[in-house]
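I'd like to ask some things about the structure below.
Residues take their numbers from the sequence shown, with the count starting at 1.
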Amino acid sequence: MGKTDFELTMEYSFLAPIIVGLVTGGIDYIVLRGLYLVLGGVVSILLIPIVEIIRGFNHLDGLLDFGDALMIRGSSEDRRKA
């Protein structure tokens with residue numbers, strides 16, 4: 001990435017979730033709207049699988065990792081290692 005001003009990056013980092021959310025939400029909408037025009041109401045059944053495929057199963061993987069940490073008995077350090 002080269003040299004960056006860390007303070008400047010931190011100053012505007014709050015915008016990242018907004019921008020990423022708008023971009024990924026827009027992509028999801030365009031794909032699902034296009035499929036709705038072709039398939040009709042069947043798309044509502046396919047909503048979650050389509051969104052997960054577009055996003056690469058990142059949210060599902062994070063949820064599964066969280067579940068793994070909850071199932072481990074021991075200290076909070078042991079849970080973080082999981």
Side-chain angles (χ1 to χ4, degrees):
M1 288 182 38
K3 292 185 178 184
T4 59
D5 182 11
F6 183 72
E7 295 298 325
L8 182 64
T9 303
M10 293 307 298
E11 185 177 342
Y12 292 104
S13 66
F14 71 94
L15 292 173
I18 297 169
I19 294 169
V20 170
L22 286 173
V23 170
T24 58
I27 292 168
D28 294 340
Y29 174 77
I30 291 168
V31 170
L32 291 169
R33 183 66 180 167
L35 287 173
Y36 179 78
L37 294 174
V38 174
L39 299 174
V42 177
V43 174
S44 61
I45 297 171
L46 303 173
L47 175 69
I48 299 298
I50 290 171
V51 169
E52 287 297 329
I53 288 169
I54 290 172
R55 296 187 182 183
F57 295 95
N58 289 327
H59 292 93
L60 185 61
D61 182 52
L63 178 62
L64 294 172
D65 290 341
F66 180 72
D68 289 343
L70 288 177
M71 295 303 292
I72 291 181
R73 293 182 180 222
S75 68
S76 60
E77 184 62 34
D78 293 337
R79 291 180 180 187
R80 279 191 214 111
K81 288 180 183 178

Original post:
Which atoms form the tightest heavy-atom contact between V43 and L39, and what is the distance?
Top reply: CG2-CB, 3.9 Å

Original post:
Do I30 and I50 share a hydrophobic cluster, counting only Ile, Leu, Val, Met, Phe, Trp and Tyr and linking them when any side-chain heavy atoms are less than 4.5 Å apart?
Top reply: no

**OP:** Using the rule that two of Ile, Leu, Val, Met, Phe, Trp, Tyr join whenever any of their side-chain heavy atoms come within less than 4.5 Å, decide whether F6 and L15 are in one cluster.
**Re:** no

Original post:
Can you find a pair of side-chain heavy atoms, one from L35 and one from L46, that are under 4.5 Å apart?
Top reply: no

Original post:
What distance do L8 atom CG and M10 atom CE have between them, rounded to the nearest 0.5 Å?
Top reply: 11.0 Å

Original post:
Minimum heavy-atom separation for D28 to R55, with atom names?
Top reply: OD2-NH2, 2.5 Å

Original post:
Quick one: do I53 and Y29 end up in the same hydrophobic cluster if we chain Ile, Leu, Val, Met, Phe, Trp and Tyr together by side-chain heavy atoms under 4.5 Å apart?
Top reply: no

Subject >> In one Ile/Leu/Val/Met/Phe/Trp/Tyr side-chain cluster, 4.5 Å: L37, V51 >> reply: no

**OP:** Mind checking the OH-CG spacing from Y36 to L47? Nearest 0.5 Å is all I need.
**Re:** 13.0 Å

Original post:
Can you tell me if CZ on F66 sees more than 12 non-hydrogen neighbours from other groups inside 6.0 Å?
Top reply: no

Subject >> L60-L70 co-clustered via ILVMFWY side chain contacts under 4.5 Å >> reply: no

